[in-house]
Amino acid sequence: MKPPGLRLRELLAPVWKIPRGKVATYGQVARAAGYPRNSRQVAWALRGAHGAIPWQRVVGAGGEIKLRGHPGMEQRLRLESEGVTFRGRRINMRLHEFQFEAPKQRRKST
DNA sequence: AGGGTGACGATCA
DNA sequence: ATGATCGCCACCC
């Protein structure tokens with residue numbers, strides 16, 4: 001009876017706010033969710049989301065695609081098809097970085 | 001308890 | 001730009 005994962009939903013909630021053509025970093029998502037030290041967990045949670053979320057819109061600091069190999073290529077293609085442009089291996093954050101508003105405050109545990 | 005692993009991020013050589 | 005190191009944190013042995 002304890003469907004865990006509730007935390008994951010909270011952690012990933014900001015991802016749903018990123019519109020097409022925009023991206024946010026793992027760190028930004030973590031902060032917007034109220035868990036500023038959990039950028040790694042955002043990545044971990046996205047993995048678990050298994051594609052049931054606009055995962056391609058979350059990238060590494062500086063607009064870098066952190067996925068390796070084929071998955072990384074897919075992310076890039078998905079983003080480009082949404083209108084996101086790159087400069088070399090990185091995304092033009094100047095143009096596509098999404099700005100979240102008022103981050104929620106939260107500590108380690110409730 | 002202890003150690004290894006990451007779709008992180010900042011810093012330094 | 002590239003690679004190493006470190007801090008961080010949840011997860012899985």
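Residue numbers start from 1 in every chain, and the chains themselves are labelled A, B, ... in the order their sequence lines are given, proteins ahead of strands.
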To the nearest Å, how far apart are A:R68 CZ and B:dC8 C1'? 13 Å
Closest to the A:W55 side chain: B:dG9, C:dC9, B:dA7? B:dA7
Report the nucleotide, chosen from C:dG7, C:dT2, B:dA7, that has the shortest atom-to-atom distance to any side-chain atom of A:R89. C:dT2
Could you state the interatomic distance from CG (A:L46) to CD (A:Q56), rounded to the nearest 0.5 Å? 10.0 Å
Would you mind reporting whether A:R20 and A:R57 have side-chain heavy atoms less than 4.5 Å apart? yes
A:L67 has an atom CG; how far is it from atom P of B:dA7, in whole Å? 7 Å
Distance check: side-chain N/O of A:N38 vs OP1/OP2 of C:dA10, anything under 4.0 Å? yes
Spacing between A:R78 atom CZ and B:dA7 atom P, to the nearest angstrom: 18 Å
Most 5' of A:S39 and A:R90 on DNA chain C, judged by nearest nucleotide: A:R90
Whole Å only: how far is the CD atom of A:E64 from the C1' atom of C:dT2? 11 Å
Can you tell me which nucleotide in C:dG7, B:dA7, C:dA10 comes closest to the side chain of A:R40? C:dG7
Need to verify one output field. Residue with the more 5' nearest nucleotide on DNA chain B, A:T25 or A:Q41? A:Q41
Could you tell me the separation between the CD1 atom of A:I91 and the NE2 atom of A:H96, rounded to the nearest 0.5 Å? 8.5 Å
To the side chain of A:W44, which of C:dG7, C:dA10, B:dA7 is closest? C:dA10
Rounded distance in Å - CZ (A:R9) to C1' (C:dA10): 20 Å
As an exercise, state the distance from CZ of A:F86 to CE of A:M93, rounded to the nearest 0.5 Å. 10.0 Å
With a 4.5 Å limit on heavy-atom distance, are the side chains of A:V58 and A:Q28 in contact? no
Distance below 4.0 Å between A:R47 side-chain N/O and B:dA7 OP1 or OP2: yes
The side chain of A:R37 is closest to which nucleotide in this list: C:dC8, B:dG9, C:dC11? C:dC8
Take the protein atom CD1 of A:I65 and the nucleotide atom C1' of B:dG9, then report the distance between them rounded to whole Å. 16 Å
Length of the line joining A:Y35:OH and C:dC11:P, which is rounded to integer Å: 12 Å
From CG of A:L46 over to C1' of C:dA10, roughly how many Å is that when rounded to an integer? 14 Å
